[in-house]
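Structure, as structure tokens:
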Amino acid sequence: MNKTQRIAQPVLPVKKEFVIAVDDASLEIERGINAAISIYTAMAEGPFNPDEFMDGMYFVLTRLEKCNKDLRRIVRDEQSQSSVSSVSK
């Protein structure tokens, strides 16, 4: 086999529900990152004491942690469903 030949990789069907769930989780993570950047900017450049923003930053970080766990669960569930369906075929 020369360098230009490639082995065809099987394309697995992707469920619409999985794509929507991953997209939703990604959007939540993006929102959390934007919030964290805004809070950081306010802490660094704003007229208020940075300590005033600690509760907001804590909320954003715990929300990002939850979103990350949700995303991992979504992927893990999809992987387990895919392996079950491939075994049953």
Side-chain angles (χ1 to χ4, degrees):
M1 179 166 60
N2 64 35
K3 291 182 181 180
T4 59
Q5 292 176 322
R6 295 181 185 214
I7 299 173
Q9 296 291 329
V11 177
L12 300 174
V14 179
K15 296 177 188 163
K16 183 177 180 180
E17 297 83 13
F18 173 72
V19 173
I20 292 170
V22 168
D23 189 52
D24 287 348
S26 175
L27 182 59
E28 286 296 315
I29 292 170
E30 182 181 358
R31 288 176 181 161
I33 291 169
N34 290 339
I37 291 169
S38 296
I39 292 170
Y40 173 79
T41 301
M43 291 172 78
E45 299 174 7
F48 301 106
N49 183 343
D51 291 343
E52 300 293 326
F53 297 94
M54 295 307 289
D55 288 341
M57 186 62 85
Y58 178 77
F59 173 80
V60 169
L61 293 176
T62 56
R63 181 70 184 152
L64 283 169
E65 182 179 38
K66 180 191 178 306
C67 291
N68 183 51
K69 287 179 183 179
D70 290 346
L71 183 58
R72 287 177 181 261
R73 178 189 47 77
I74 291 165
V75 171
R76 189 175 35 242
D77 290 351
E78 179 64 20
Q79 287 174 334
S80 66
Q81 288 177 3
S82 294
S83 65
V84 167
S85 64
S86 66
V87 170
S88 63
K89 289 183 180 180

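If you're wondering where the values come from, they're calculated on a predicted model, not measured in any experiment.
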Where at least one partner belongs to residues 50-65, residue pairs that pass side-chain hydrogen bond (donor to acceptor under 3.5 Å, both in side chains), sequence neighbours excluded: Glu28-Arg63
So CZ of Arg72 and CG of Asn68: to nearest 0.5 Å the spacing works out to 5.0 Å
Looking only at non-hydrogen atoms, find the nearest pair between Met57 and Tyr40 and report the distance. CE-N, 4.0 Å
Please determine whether residues Leu27 and Val60 belong to a single hydrophobic cluster, defined as Ile, Leu, Val, Met, Phe, Trp and Tyr linked transitively by side-chain heavy-atom distances below 4.5 Å. no
Show the nearest heavy-atom pair for residues Leu71 and Ala25, with the distance to one decimal. CD1-CB, 3.9 Å
So which atom in Val75 and which in Phe18 form the shortest heavy-atom distance, rounded to 0.1 Å? CA-CE1, 4.0 Å
To the nearest 0.5 angstrom, please state how far the NZ atom of Lys66 sits from the CG atom of Leu61. 15.5 Å
Not counting sequence neighbours, list each pair that qualifies as a side-chain hydrogen bond (donor to acceptor under 3.5 Å, both in side chains) and has a residue in residues 16-27. none
side-chain contact (heavy atoms from CB on, under 4.5 Å) against Phe59, all qualifying residues, sequence neighbours excluded: none
Which atom of Ile33 lies closest to which atom of Leu64, heavy atoms considered: N-CD2, 4.0 Å
